*Asks:* 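One structure coming up, written as structure tokens, with questions to follow.
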Amino acid sequence: MSKSKDLSAKAPDKLTKKQAEAELARLAGEIAAHDKRYYQDDAPAVSDADYDALRQRNEAIESAFPDLVRPDSPSGRVGASPSEKFEKVRHAVPMLSLGNAFSDEDMADFRARVMRFLKLTEDDALDLTAEPKIDGLSASLRYEQGKLVLAATRGDGSEGENVTHNIKTIKDIPHKLKTKSPPKVFEVRGEVYMHHDDFAALNKRQEKDGKPVFANPRNAAAGSLRQLDSTVTASRPLRFFAYAWGEVSELPGSTQADVLKALKSWGFPVNERLRVCKNLNDIEVIYGELLEARADLGYDIDGIVYKVNRLDWQDRLGFVSRAPRWAIARKFPAEQAQTVLEGIDIQVGRTGALTPVAKLKPVTVGGVVVSNATLHNEDEIKRKDVRVGDTVVIQRAGDVIPQVVSVIEKKRPKGAKPFKFPKKCPVCDSHAVREVHPETGREDVVLRCTGGLICPAQVIERLKHFVSRNALDIEGLGAKQVELFWDKGVIKNPVDIFQLAGRIAAADLPPLVEWDGFGKTSARNLFAAIDERRTIGLARLLFGLGIRHVGETTARLLARTYGSWVAFRKAMDAAGKKGGDAYDELVSIDGIGPVVAAAIAEFFAEDHNEEVLAGLEAALTTIEDAEAPATESPVTGKTVVFTGALENMTRDEAKVRAEALGAKVSGSVSKKTDILVAGPGAGSKLTKAKDLGVEVMTEDEWLSLIGD
DNA sequence: AACCCTCGAGGTCA
DNA sequence: CTCGAGGGTT
């Protein structure tokens with residue numbers, strides 16, 4: 001080692017040929033080892049910068065001694081397997097999440113809700129299937145003509161990652177459906193998980209090999225499935241349970257239970273504890289049974305999933321935002337633990353919100369070590385009377401997020417004083433206030449730093465938000481880099497990001513390579529990523545600005561309403577010139593109320609925001625117009641009112657269907673109404689519609705219009 | 001009152 | 001990625 005150390009200090013062109021040869025051999029070995037640690041063992045041993053330095057040195061020596069380039073030279077592998085990532089796959093049918101129930105009462109509510117929606121009575125048999133909710137990761141497997149052609153992770157529900165190669169290594173999953181007449185298309189959905197015994201054995205092996213052990217089976221399964229090298233996945237003992245489906249050309253049955261039975265016959269493992277519940281009593285009994293059996297199952301479950309068994313009813317029930325109305329997950333009570341609260345930190349968020357975080361003596365709960373937990377706000381601390389030094393009960397809500405449940409007062413040390421929530425921002429020392437709601441006059445629960453632009457914490461958080469994934473999504477510019485650039489005083493607002501490359505080129509700033517954590521490649525990639533975002537979608541930009549109360553959805557709503565950046569700016573400006581602000585215009589948008597409208601109007605009335613916007617307009621090449629709504633139908637954009645009795649569907653169903661087609665459903669007839677769908681017994685609304693000359697149609701006419 | 005949305009937190013792996 | 005609190009909208 002000492003010999004190579006000498007060499008590594010020597011400039012490439014000062015090396016003798018023999019030394020260069022030795023040095024190249026050493027670098028090849030070392031870089032390959034780092035590659036393996038990083039890509040296969042998920043345990044990088046060096047920083048990216050050090051790694052880059054190794055590669056750079058290798059390249060420098062190679063260029064000085066071109067005839068010595070090794071056949072296994074690391075430079076030949078640049079960008080090959082290491083930088084490859086999983087390809088994104090859009091799910092034909094989104095993979096949704098489930099609503100949660102925590103008690104028998106919640107389950108009764110769920111069942112009642114379903115009955116109300118379907119207009120059922122106790123005489124109608126409402127069967128629910130019940131099965132354990134496996135704690136793993138969901139995947140969607142697409143079979144065409146009975147052959148497995150694509151497998152994807154859930155991702156965000158609409159877009160996942162292509163993990164076909166890895167999925168194919170799982171023995172539970174058939175590559176071909178065991179049936180003579182396979183459907184044209186069938187997407188099987190289920191859970192990839194790891195059995196307790198396999199998990200223990202895997203960790204033993206990891207330990208023996210000197211590799212890090214996994215915290216729990218779920219993480220082990222997730223890590224295994226996301227391996228870039230599928231031979232590694234193959235060596236991991238993954239298993240699978242099928243429980244649902246996505247896009248299908250035909251269904252082998254008319255109930256949930258039937259289809260699962262068919263899946264079993266096709267060669268998939270289906271959980272053996274699947275039951276059908278006829279009534280509330282069955283629902284509660286199976287819960288008790290499963291809770292008792294939980295420890296002996298051999299795999300982790302975090303609850304029970306109940307689904308309406310009849311598929312025609314599932315169709316009628318449809319969805320609320322991202323969850324089906326026909327299914328619910330009954331969660332098991334969370335595991336709890338006790339520990340000592342050693343301190344309370346105050347964090348400052350992008351909107352200035354001061355959030356207290358409990359610093360805990362590390363303790364294991366539900367398989368992971370917890371050392372922090374959010375305390376949400378001042379009131380929460382008061383309500384629970386949490387004091388520094390207290391012994392507290394903590395649990396992982398939904399088995400994920402650590403939270404402080406309660407304080408054990410008996411164990412309180414003498415002299416522990418109630419926590420005094422700071423009245424000033426811990427970062428910039430500005431006053432912290434509770435905002436007052438303009439109409440109700442109620443005070444907000446969160447204290448906010450009033451520092452705004454002078455508060456470094458807020459500015460940095462806003463920058464992080466600007467570059468984050470759902471906003472500008474600048475790759476290579478994450479939280480760490482934002483902080484670095486801020487520390488160096490180089491990036492103070494979004495515009496600075498786009499001027500970075502230009503200023504370095506103009507020698508106004510030192511080249512990135514001279515900075516900590518940047519190598520040649522990472523610098524080049526960063527500039528490329530920034531340039532890529534000089535063309536940006538309107539909704540992303542609006543979201544990225546970080547206007548209070550304007551999240552992804554509202555940003556998209558604004559983008560869709562105005563269509564283009566120019567139109568949007570004009571609306572904000574024109575309204576401003578009249579002496580008022582854009583408020584009136586904004587509140588008239590459906591979905592934007594007084595608070596949100598005020599926040600947006602204020603943002604655009606602010607001079608320093610105007611400055612940044614002008615800078616962005618100059619720096620960006622194109623702000624893309626909002627895309628047209630996804631669905632195009634005869635009723636897109638029309639305002640529809642339903643009145644009287646509907647025969648083929650409930651009012652809620654009708655509303656859901658119409659909205660899915662891009663129509664707006666309203667409760668009362670006005671001159672804005674385009675269509676009134678009138679059933680038997682329609683009264684004043686029908687009269688009013690006729691008066692106003694609104695088009696009136698029957699339920700049947702409506703159904704044929706929307707092509708049902 | 002139901003539902004939707006923002007906002008912030010923590011953990012793990014790449 | 002997931003969750004929960006709490007505010008906003010209808």
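Below, chain A is the first sequence line, B the second, and so on; all start at residue 1. Source: prediction; values computed, not measured.
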*Asks:* Return the value, rounded to whole Å, for the distance between atom CG of A/L360 and atom P of B/dG11.
*Replies:* 9 Å
*Asks:* Taking only residues two or more places apart in sequence, or in another chain, which ones meet A/E378 in a salt bridge (charged side-chain N to carboxylate O under 4.0 Å, His left out)?
*Replies:* A/K382, A/K423, A/R434
*Asks:* Going by side-chain contact (heavy atoms from CB on, under 4.5 Å), name the residues that satisfy it together with A/V363, two or more places apart in sequence or in a different chain.
*Replies:* A/A337, A/T339, A/V365, A/I394
*Asks:* Output all residues satisfying side-chain contact (heavy atoms from CB on, under 4.5 Å) with A/R548, sequence neighbours left out; order by chain, then residue number.
*Replies:* A/T351, A/E435, A/R448, A/A599
*Asks:* Report the distance from atom CD of A/E161 to atom P of B/dC13, rounded to the nearest whole Å.
*Replies:* 15 Å
*Asks:* With sequence neighbours excluded, tell me which residues meet side-chain contact (heavy atoms from CB on, under 4.5 Å) with A/S138.
*Replies:* A/M95, A/R154, A/E191, A/Y243
*Asks:* Between atom CG in A/L375 and atom P in C/dC3, what is the gap in whole Å?
*Replies:* 21 Å
*Asks:* For A/K133, check salt bridge (charged side-chain N to carboxylate O under 4.0 Å, His left out) against everything at least two apart and list the hits.
*Replies:* A/D302
*Asks:* On DNA chain C, check which nucleotide each of A/R469 and A/E380 is closest to and give me the residue with the more 5' one.
*Replies:* A/R469
*Asks:* Between A/R113 and B/dA2, is there a side-chain N or O to OP1/OP2 distance below 4.0 Å?
*Replies:* no
*Asks:* If you check every side-chain atom of A/H376, which of B/dG11, B/dT12, C/dA5 has the closest atom?
*Replies:* C/dA5
*Asks:* Could you tell me how far apart A/F117 (CZ) and B/dA2 (C1') are, to the nearest whole angstrom?
*Replies:* 14 Å
*Asks:* Within the supplied structure, the quantity of interest is the number of heavy atoms (other residues, nucleotides, ligands) at a distance under 6.0 Å from A/E207 CD; does it exceed 12?
*Replies:* no
*Asks:* Does OP1 or OP2 of C/dA5 have a side-chain N or O of A/N377 closer than 4.0 Å?
*Replies:* no
*Asks:* Over how many whole Å does the gap from A/I394 atom CD1 to B/dG10 atom P extend?
*Replies:* 12 Å
*Asks:* From the list C/dA5, B/dC13, B/dG11, which nucleotide is the closest neighbour of the side chain of A/P402?
*Replies:* B/dG11
*Asks:* Under a 4.5 Å cut-off applied to non-hydrogen side-chain atoms, are A/E461 and A/V348 in contact?
*Replies:* no
*Asks:* Classify A/V369 by what it touches in the nucleic acid, base, sugar-phosphate, or nothing, heavy-atom distance under 4.0 Å.
*Replies:* sugar-phosphate
*Asks:* Would you please name every residue forming a salt bridge (charged side-chain N to carboxylate O under 4.0 Å, His left out) with A/K384, sequence neighbours left out?
*Replies:* A/E380
*Asks:* Rounded to the Å, how far apart are A/R325 CZ and B/dC3 P?
*Replies:* 8 Å
*Asks:* Would you please enumerate the stems DNA chain B participates in, each stem being three or more consecutive Watson-Crick or G-U wobble pairs with both distances under 3.5 Å?
*Replies:* B:1-10 with C:1-10
*Asks:* Atom pairs under 3.5 Å, N or O on each side, protein against nucleotides 6-9 of chain B: can you list them with distances?
*Replies:*
unit_1 : atom_1 : unit_2 : atom_2 : d
B/dT6  : OP1    : A/G551 : N      : 2.8
B/dT6  : OP1    : A/G551 : O      : 3.2
B/dT6  : OP1    : A/E552 : N      : 3.2
B/dT6  : OP1    : A/T553 : N      : 3.2
B/dT6  : OP1    : A/T554 : N      : 3.1
B/dT6  : OP1    : A/T554 : OG1    : 3.4
B/dT6  : O5'    : A/G551 : N      : 3.4
B/dC7  : OP1    : A/H549 : N      : 2.8
B/dC7  : OP2    : A/R350 : NH2    : 2.9
B/dG8  : OP1    : A/T351 : OG1    : 2.8
B/dA9  : OP1    : A/Q347 : OE1    : 2.8

*Asks:* Given atom CG of A/L558 and atom P of C/dG8, what is their separation to the nearest angstrom?
*Replies:* 17 Å
*Asks:* Taking OP1 and OP2 of C/dG6, is either one under 4.0 Å from a side-chain nitrogen or oxygen of A/R383?
*Replies:* yes
*Asks:* Closer than 4.0 Å, any side-chain N/O of A/Q227 to the OP1 or OP2 of B/dC13?
*Replies:* no
*Asks:* Please list, chain by chain and in numerical order, all residues satisfying side-chain contact (heavy atoms from CB on, under 4.5 Å) with A/D198, sequence neighbours excluded.
*Replies:* A/M194, A/H195, A/P237, A/R239
*Asks:* Just the rounded figure in Å: distance from C1' of B/dG11 to CZ of A/F214.
*Replies:* 15 Å
*Asks:* Quick one, A/V427 and A/C449 - any side-chain contact, counting heavy atoms below 4.5 Å?
*Replies:* no
